[in-house]
Asker: 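Sharing a structure below in structure tokens format, with a few things to ask.
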Amino acid sequence: AQKVTQAQTEISVVEKEDVTLDCVYETRDTTYYLFWYKQPPSGELVFLIRRNSFDEQNEISGRYSWNFQKSTSSFNFTITASQVVDSAVYFCALSEVKGSQGNLIFGKGTKLSVKP
Amino acid sequence: DAMVIQNPRYQVTQFGKPVTLSCSQTLNHNVMYWYQQKSSQAPKLLFHYYDKDFNNEADTPDNFQSRRPNTSFCFLDIRSPGLGDAAMYLCATSRESTGGIMDQPQHFGDGTRLSIL
């Protein structure tokens, strides 16, 4: 069975604080992909990052960084020096082998509120 | 800019009255998806098209149907909406996956928020 756990339902921080969003996954597949999506209040999901199971290199993009550790089945997302515009729901997702196109299993999301 | 466009942004319908939501894309992606997202929940995949090949999720109610007349457009038809169908409906597109594993990022529209009276 595939499963994605985002244990933090809601996080509230003050602007300029660093914040880490946790994601733990379960899979029996040896090849899989992990994603993070951002859903601001306007509603559309915005793709942030994709990582495949063979690439454990951490990634940094501006204030965003991702830490992928297969040993703990985690793919955590850190925002450095948070800003009000970072306020959104963040979803971690895991790909699964299914049919011809596969499928995405989303976690329940973490709602991040960044206060000025 | 290339994008995924959903119309309308908000839709109100009556209990039991058929409703159609539309989605168009300029990305020329051959895979299109429809998700249902209820308040404070994760998106739930209803079905997807790989070109004209329709793939229904096992737990998608028969009340939900879809049409894809061409690459650019995809429609979600709800034949007899019930109160439980009130939700945000998200359309997404992607390039085709390789090896049956979802390895491509999905590009989402703004969603249509459906209310049932």
Side-chain angles (χ1 to χ4, degrees), chain A residues 2-10 21 23 25 27-55 59 61 66 88-113, chain B residues 3-6 8-10 23 25 27 29-60 87-114:
Chain A
Q2 311 278 350
K3 188 176 176 182
V4 178
T5 301
Q6 295 181 255
Q8 305 147 308
T9 306
E10 291 193 41
L21 310 181
C23 174
Y25 63 93
T27 180
R28 295 180 181 174
D29 296 337
T30 54
T31 301
Y32 54 89
Y33 289 79
L34 293 160
F35 300 81
W36 274 95
Y37 285 86
K38 174 182 180 180
Q39 188 173 37
S42 52
E44 82 281 15
L45 277 95
V46 177
F47 164 74
L48 295 177
I49 190 171
R50 173 187 65 183
R51 176 65 78 229
N52 75 52
S53 52
F54 299 107
D55 181 5
E59 182 152 342
S61 176
W66 290 268
V89 180
Y90 291 86
F91 290 97
C92 179
L94 167 71
S95 65
E96 67 169 350
V97 177
K98 187 175 182 181
S100 64
Q101 293 302 306
N103 191 22
L104 269 187
I105 304 296
F106 284 89
K108 293 187 175 181
T110 297
K111 182 178 181 180
L112 174 65
S113 298
Chain B
M3 58 179 63
V4 180
I5 301 167
Q6 290 188 246
R9 190 83 170 88
Y10 299 92
C23 176
Q25 56 136 338
L27 295 161
H29 286 164
N30 50 2
V31 190
M32 294 187 77
Y33 310 80
W34 278 105
Y35 288 87
Q36 179 192 65
Q37 186 180 23
K38 296 189 175 179
S39 183
S40 302
Q41 295 185 20
K44 178 181 179 298
L45 183 65
L46 295 173
F47 25 60
H48 75 271
Y49 276 94
Y50 173 35
D51 291 326
K52 283 192 172 290
D53 182 22
F54 177 69
N55 298 270
N56 199 27
E57 292 300 298
D59 57 355
T60 298
M88 174 77 88
Y89 290 88
L90 296 163
C91 174
T93 73
S94 76
R95 292 191 176 94
E96 61 186 270
S97 301
T98 52
I101 300 175
M102 175 52 63
D103 62 346
Q104 298 296 318
Q106 294 185 19
H107 300 260
F108 286 81
D110 289 345
T112 293
R113 187 168 295 282
L114 179 66

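Proteins come first, then strands; the chains are lettered A, B, ... in the order of their sequence lines, and each starts at number 1. Keep in mind that this is a model prediction, so the values were computed, not measured.
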Asker: Would you check, one step at a time, whether the test side chain to side chain contact (heavy atoms under 4.5 Å, CB included) holds for B/K44 with A/F106?
Answerer: CA-CA 8 Å; B/K44 178 181 179 298; A/F106 284 89; over 6 Å; no
Asker: If you measure only the distance, is there a donor-acceptor pair under 3.5 Å linking the side chains of B/Q37 and A/Q39?
Answerer: yes
Asker: Please check if atom CZ in B/R95 has more than 12 non-hydrogen atoms from other residues, nucleotides or ligands closer than 6.0 Å.
Answerer: no
Asker: About how many Å separate CG of A/L45 and CG of B/L90, when rounded to the nearest 0.5 Å?
Answerer: 6.0 Å
Asker: From B/Y35 OH over to A/L104 CG, what is the distance, rounded to the nearest 0.5 angstrom?
Answerer: 5.0 Å
Asker: Using the test side chain to side chain contact (heavy atoms under 4.5 Å, CB included), find all partners of A/F54 that sit at least two apart in sequence or belong to another chain.
Answerer: A/T31, A/N52
Asker: What is the distance from atom OG of B/S94 to atom CZ of A/F47, rounded to the nearest 0.5 Å?
Answerer: 11.5 Å
Asker: Nearest 0.5 Å, please: how far is OG in B/S40 from NZ in A/K108?
Answerer: 11.5 Å
Asker: Given that the side chain runs from C-beta out, which part of B/Q41 has a heavy atom under 4.5 Å from chain A: side chain, backbone, both or neither?
Answerer: backbone
Asker: Tell me, for B/R113 versus chain A, whether the close heavy atoms (under 4.5 Å) come from the side chain, the backbone, both or neither.
Answerer: neither
Asker: Report which part of A/Q6 has an atom under 4.5 Å of a heavy atom belonging to chain B: side chain, backbone, both, or neither.
Answerer: neither
Asker: Side chain from CB out, backbone as N, CA, C, O: work out which of these in B/Q104 comes under 4.5 Å of a heavy atom of chain A, or both, or neither.
Answerer: both
Asker: With rounding to the nearest 0.5 angstrom, report the CZ to CE distance, A/F35 to B/M102.
Answerer: 7.0 Å
Asker: With the side chain counted from C-beta on, respond yes when A/Y37 and B/P43 share a heavy-atom pair under 4.5 Å apart, and no when they do not.
Answerer: no
Asker: Identify the heavy atoms of A/G107 and B/A42 that sit nearest to each other, and give their distance.
Answerer: O-CB, 3.1 Å
